[in-house]
Student: 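Quick one: structure below, then a few questions.
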Amino acid sequence: MQMSTLVESLQESLSTSQVSTNDTARELHSKDESYHPPVTPEVVVYPYDAQDISEIMKTAKQFHRSVYPFGLGSSLEGHVIPTEDGISIDFSEMNRIIEVKEQDLLVKVQPGVTRTQLNKELKKYGLFFTVDPGADATIGGMAATNASGTSSVRYGIMRDQVRDLEVVLADGSIMHTGNLAAKSSSGYNLNGLFIGSEGTLGCFTELTLNVHGIPEHIVAGRAVFPTIDKAVEAVVSTLHAGVPIARCELVDEPSVKKANEFSDTNYPIQPTLFLEFHGNEAGLNQDLEFMKEIIKDHGCKKIEFEQDNAARNKLWEARHNLAYAYVHGAPGKKMMVTDVCVPISELAEAIKHARKVVDASMFEGGIAGHVGDGNYHIILMFDSSSNEEIQAAAKLNEEIVKYALAVGGTCTGEHGVGLGKQKYQAEEHGESLFVMEKIKQALDPESRLNPFKLVQLKE
């Protein structure tokens, strides 16, 4: 009876076409790309604007239901998976690029806009959005998890790109977190608070983002090394020398092999750095010559550069599709991707430790990551029907996290906390976790917004 009334109330606030109890739609919104088990929401809603979200929040409060924001379901730690009866809010209808302010190097978008959609539009103005997590995620989802990716070593992470957010809070009120100015010393930094909050403090309905001019000249390349150690040492030395790398990705031997099989490439099966440089042609040529000398000192066996657009795209497609290469090579299995970030000075030892952990496990795992900023991943496939493999995968993940925390790192560099990393929050944050809990309590006292994620309120 109550379920029927909930749906009817949502249909009255929105419209019949914006509310679905269809089994297929509900099943689609029960999961993401992660290994966490799916949970089906009661109902899925498709808002058009902030006012729709406000009405959804008020209805959720009236019927004591939780709400779960959903972008494209590309998250990797169960962020969009319901944890109890509730409403899945699908932002696919809120996919409008509202305004490009080219003189201010800003763009205003709705949260359902995807990264590819945004860059296609920005290209008309000679601009691009820098955050590139690999997946064609929504901008709202990327802000919710504070996404980063391949280009963060030069341009920064999602938190660095957001100038203002329009947010609907748990009580249905609508607010802004910033303004259009390039800097401000006024008030608390609410942008920083809401970016990375994973839908636990409010729902984003508009985002104003920094954008950049498309570089005059782009060069991509691959540098092959005899060992992972040598590759990581070369990265650290290059960064210390001040060479402006735009992207710097490490791919180990097993991962190069998977990439070759999936992307029809023929790269040497050895530890490889995928690199990219942005700038003017004369300056880049000097940077590249300087970098060659540096990496030669670290045993680089071969380096090749690509300036042709098609060749560059093929190189980065191979890197971006690496996770799918592992999935394709292990049909029926689930993927787990670890996601820690450590200080650059600890990176070489951390990756050596990761390789030992993988070699000692029952899994064939690959190591890859955005090593220019200390963020690296282990990609492994496991049988989700096998308790032994589930426990072994969880143990491997925990070993990697514990090592990162011990050297001053974090349990997640970009994927977010969600369900999978919540158990490490107290160890990582200590007393500051209590401050986060107080913020959650103040903004969402009934814990309706994506409950049991990131910060869990005590009963």
Student: For side chain to side chain contact (heavy atoms under 4.5 Å, CB included), just list the numbers for His415 and Asn375, CA-CA rounded to whole Å, side-chain angles, deciding distance to a tenth of an Å, and then say yes or no.
Tutor: CA-CA 11 Å; His415 296 166; Asn375 189 192; over 6 Å; no
Student: Check this for me: does any side-chain nitrogen of one of Glu261 and Lys257 sit under 4.0 Å from a carboxylate oxygen of the other?
Tutor: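 Salt bridge flag = yes for Lys257 with Glu261.
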Student: For the residue pair Arg448 and His64, establish whether any side-chain heavy-atom pair is separated by less than 4.5 Å.
Tutor: yes
Student: Roughly how far, to the nearest 0.5 Å, is the NE2 atom of His36 from the CE atom of Met336?
Tutor: 7.0 Å
Student: Please report the C-alpha distance between Leu380 and Val358 in whole Å, then the side-chain angles of each, then the deciding distance to 0.1 Å, and finally whether the side chain to side chain contact (heavy atoms under 4.5 Å, CB included) criterion is met.
Tutor: CA-CA 9 Å; Leu380 60 88; Val358 173; 5.9 Å; no
Student: Starting at CD1 of Ile53, measure out to CD of Glu166 and round the result to the nearest 0.5 Å.
Tutor: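 That separation rounds to 10.0 Å.
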Student: Donor-acceptor pair, Asn189 side chain versus Gly192 backbone, under 3.5 Å?
Tutor: yes
Student: Report the distance from atom CD1 of Ile378 to atom OG1 of Thr338, rounding to the nearest 0.5 Å.
Tutor: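 So the gap between those two atoms works out to 4.5 Å.
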Student: Over all heavy atoms of both residues, which pair between Asp444 and Leu449 is shortest? Give the atoms and the distance, please.
Tutor: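 Of all heavy-atom pairs spanning Asp444 and Leu449, the closest is OD2-N, 2.9 Å.
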Student: Main chain of His79, side chain of Lys453: is a donor-acceptor contact present, judged purely on distance under 3.5 Å?
Tutor: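 Indeed, once roles are kept as given, a pair shorter than 3.5 Å links the two residues.
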Student: One pair to check against side chain to side chain donor-acceptor pair (under 3.5 Å): Asp52 and Gln18. What are the steps and the verdict?
Tutor: CA-CA 10 Å; Asp52 281 354; Gln18 289 176 269; 3.0 Å; yes
Student: Does Lys314 have more than 12 heavy atoms from other residues, nucleotides or ligands lying within 6.0 Å of its NZ?
Tutor: yes
Student: Tell me the closest heavy-atom pair linking Glu55 and Ser13, and the distance in Å.
Tutor: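 Here Glu55 and Ser13 meet closest at CB-CB, 3.9 Å.
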Student: Kindly compute the distance separating CG (Leu419) from OG1 (Thr83), expressed to the nearest 0.5 Å.
Tutor: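 Those atoms lie 7.0 Å apart.
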Student: Grab the two heavy atoms, one from Pro41 and one from Arg26, that are nearest each other, plus how far apart they are.
Tutor: O-NE, 2.8 Å
Student: Decide whether a cation-pi geometry holds between Lys334 and Tyr35; the criteria are a distance under 6.0 Å from NZ or CZ to the six-membered ring centre and an angle within 45° of the ring axis.
Tutor: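 Cation-pi check for Lys334 and Tyr35: fails.
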Student: Show the numbers, then the answer: is there a side chain to side chain contact (heavy atoms under 4.5 Å, CB included) between Ile87 and Glu42?
Tutor: CA-CA 6 Å; Ile87 304 164; Glu42 289 178 275; 5.9 Å; no
Student: With side chain to side chain donor-acceptor pair (under 3.5 Å) as the test, would you mind laying out the steps for Asn321 and Ser263 before giving the verdict?
Tutor: CA-CA 8 Å; Asn321 290 333; Ser263 299; 4.6 Å; no
Student: Does Gly172 offer a backbone N or O that forms a donor-acceptor pair with the side chain of Ser54 under 3.5 Å?
Tutor: yes
Student: Is there a donor-acceptor contact under 3.5 Å from the side chain of Ser30 to the main chain of Pro38?
Tutor: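 Not at all, since once roles are kept as given, no pair shorter than 3.5 Å links the two residues.
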Student: Are any non-hydrogen side-chain atoms of Arg115 and Val131 less than 4.5 angstrom apart?
Tutor: no
Student: Less than 4.5 Å apart, any side-chain heavy atom of Val80 and any of Ser88?
Tutor: no
Student: Any side-chain to backbone donor/acceptor pair from Arg154 onto Ile245? Under 3.5 Å, distance only.
Tutor: no
Student: Would you say the side-chain atoms of Thr177 and Asn191 include a donor-acceptor pair closer than 3.5 Å?
Tutor: yes
Student: Distance only, no hydrogens: is a donor on one side chain within 3.5 Å (strictly under) of an acceptor on the other, for Tyr326 and Ser255?
Tutor: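 Yes, because at least one side-chain N or O of Tyr326 sits under 3.5 Å from a partner of the opposite role on Ser255.
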Student: Would Asn22 and Ser20 satisfy side chain to side chain donor-acceptor pair (under 3.5 Å), going step by step from the backbone distance to the final call?
Tutor: CA-CA 5 Å; Asn22 176 274; Ser20 177; 5.1 Å; no
Student: Under a 4.5 Å cut-off applied to non-hydrogen side-chain atoms, are Asp90 and Leu28 in contact?
Tutor: no
Student: Do NZ/NE/NH1/NH2 and the carboxylate oxygens of Arg65 and Asp85 come within less than 4.0 Å?
Tutor: no
Student: Kindly compute the distance separating CZ (Phe382) from CD1 (Ile390), expressed to the nearest 0.5 Å.
Tutor: 6.0 Å
Student: Can you check whether His278 reaches Ser151 side chain to side chain, under 4.5 Å on heavy atoms?
Tutor: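 The answer is no; the side chains never approach within 4.5 Å.
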Student: Pick one: which of Leu180, Val211, Val100 meets side-chain contact (heavy atoms from CB on, under 4.5 Å) with Leu106?
Tutor: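 Only one of Leu180, Val211, Val100 forms a side-chain contact (heavy atoms from CB on, under 4.5 Å) with Leu106, namely Leu180.
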Student: For residues Thr272 and Phe274, report the shortest heavy-atom separation together with the two atoms involved.
Tutor: CG2-CE1, 3.6 Å
Student: Go through Thr410 and Tyr424 one step at a time and tell me if the side chain to side chain donor-acceptor pair (under 3.5 Å) criterion holds.
Tutor: CA-CA 9 Å; Thr410 176; Tyr424 304 116; over 6 Å; no
Student: When you measure from the side chain of Gln110 to the backbone of Asn95, do you find a donor-acceptor pair of N or O atoms at a distance under 3.5 Å?
Tutor: yes
Student: Any side-chain to backbone donor/acceptor pair from Glu198 onto Gly416? Under 3.5 Å, distance only.
Tutor: no
Student: Count the heavy atoms belonging to other residues, nucleotides or ligands that lie under 6.0 Å from NE2 of His328, then report whether that count exceeds 12.
Tutor: no
Student: What closest approach, in Å, do Ser447 and Leu457 show between heavy atoms, and which atom pair accounts for it?
Tutor: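 So the two residues come closest at CB-CD1, 4.1 Å.
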Student: Could you walk me through whether Leu193 and Leu190 satisfy the side chain to side chain contact (heavy atoms under 4.5 Å, CB included) test, starting with their C-alpha distance in whole Å, then the side-chain angles of each, then the deciding distance to 0.1 Å, before giving a yes or no?
Tutor: CA-CA 5 Å; Leu193 175 63; Leu190 295 182; 4.1 Å; yes
Student: Under 4.0 Å between a side-chain nitrogen and a carboxylate oxygen: does that hold for Glu249 and Arg247?
Tutor: no
Student: Do Thr145 and Met158 come within less than 4.5 Å of each other through their side chains, counting heavy atoms only?
Tutor: no
Student: Taking atom CZ of Phe128 as the centre, does the number of heavy atoms from other residues, nucleotides or ligands within less than 6.0 Å exceed 12?
Tutor: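 Yes - once you tally the heavy atoms of other residues, nucleotides and ligands closer than 6.0 Å, there are more than 12.
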Student: With sequence neighbours excluded, give me every salt bridge (Lys or Arg N to Asp or Glu O under 4.0 Å) pair touching residues 335-364.
Tutor: Asp229-Lys352, Asp252-Arg355, Glu349-Lys352, Arg355-Asp359
Student: Quick one: closest heavy-atom pair of Val39 and Ile81, and the distance?
Tutor: N-CG2, 3.8 Å
Student: When you measure from the side chain of Asp164 to the backbone N and O of His176, does any donor-acceptor pair fall under 3.5 Å?
Tutor: no
Student: Relative to the ring of His353, is the ring of Tyr403 parallel (under 30°), tilted (30 to 60°) or perpendicular (over 60°)?
Tutor: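 Taking His353 first and then Tyr403, their aromatic rings lie parallel (interplane angle under 30°).
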Student: Say whether, by atom type as modelled, one donor and one acceptor occur between the side chain of Asn146 and the main chain of Arg159 under 3.5 angstrom.
Tutor: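 Present.
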Student: Can you check whether Gly149's main-chain N or O pairs, donor with acceptor, with Ser152's side chain at less than 3.5 Å?
Tutor: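 Yes, because the side chain of Ser152 sits within donor-acceptor range (under 3.5 Å) of the backbone of Gly149.
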Student: Does any part of the side chain of Val327, heavy atoms only, come nearer than 4.5 Å to the side chain of Met381, both counted from C-beta?
Tutor: yes
Student: If you round to the nearest 0.5 Å, how far is CD of Gln425 from CG of Leu454?
Tutor: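 So the gap between those two atoms works out to 6.0 Å.
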Student: Is Glu427 salt-bridged to Lys423, cutoff N-O under 4.0 Å?
Tutor: no
Student: For a 4.5 angstrom cut-off between non-hydrogen side-chain atoms, does Ile139 reach Leu209?
Tutor: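 The answer is yes, as the side chains (C-beta and beyond) meet within the 4.5 Å cut-off.
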Student: Indicate whether the side chain of Glu414 and that of His377 have a donor and an acceptor atom separated by less than 3.5 Å.
Tutor: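 There is such a pair (donor and acceptor under 3.5 Å, judged by atom type) between the side chains of Glu414 and His377.
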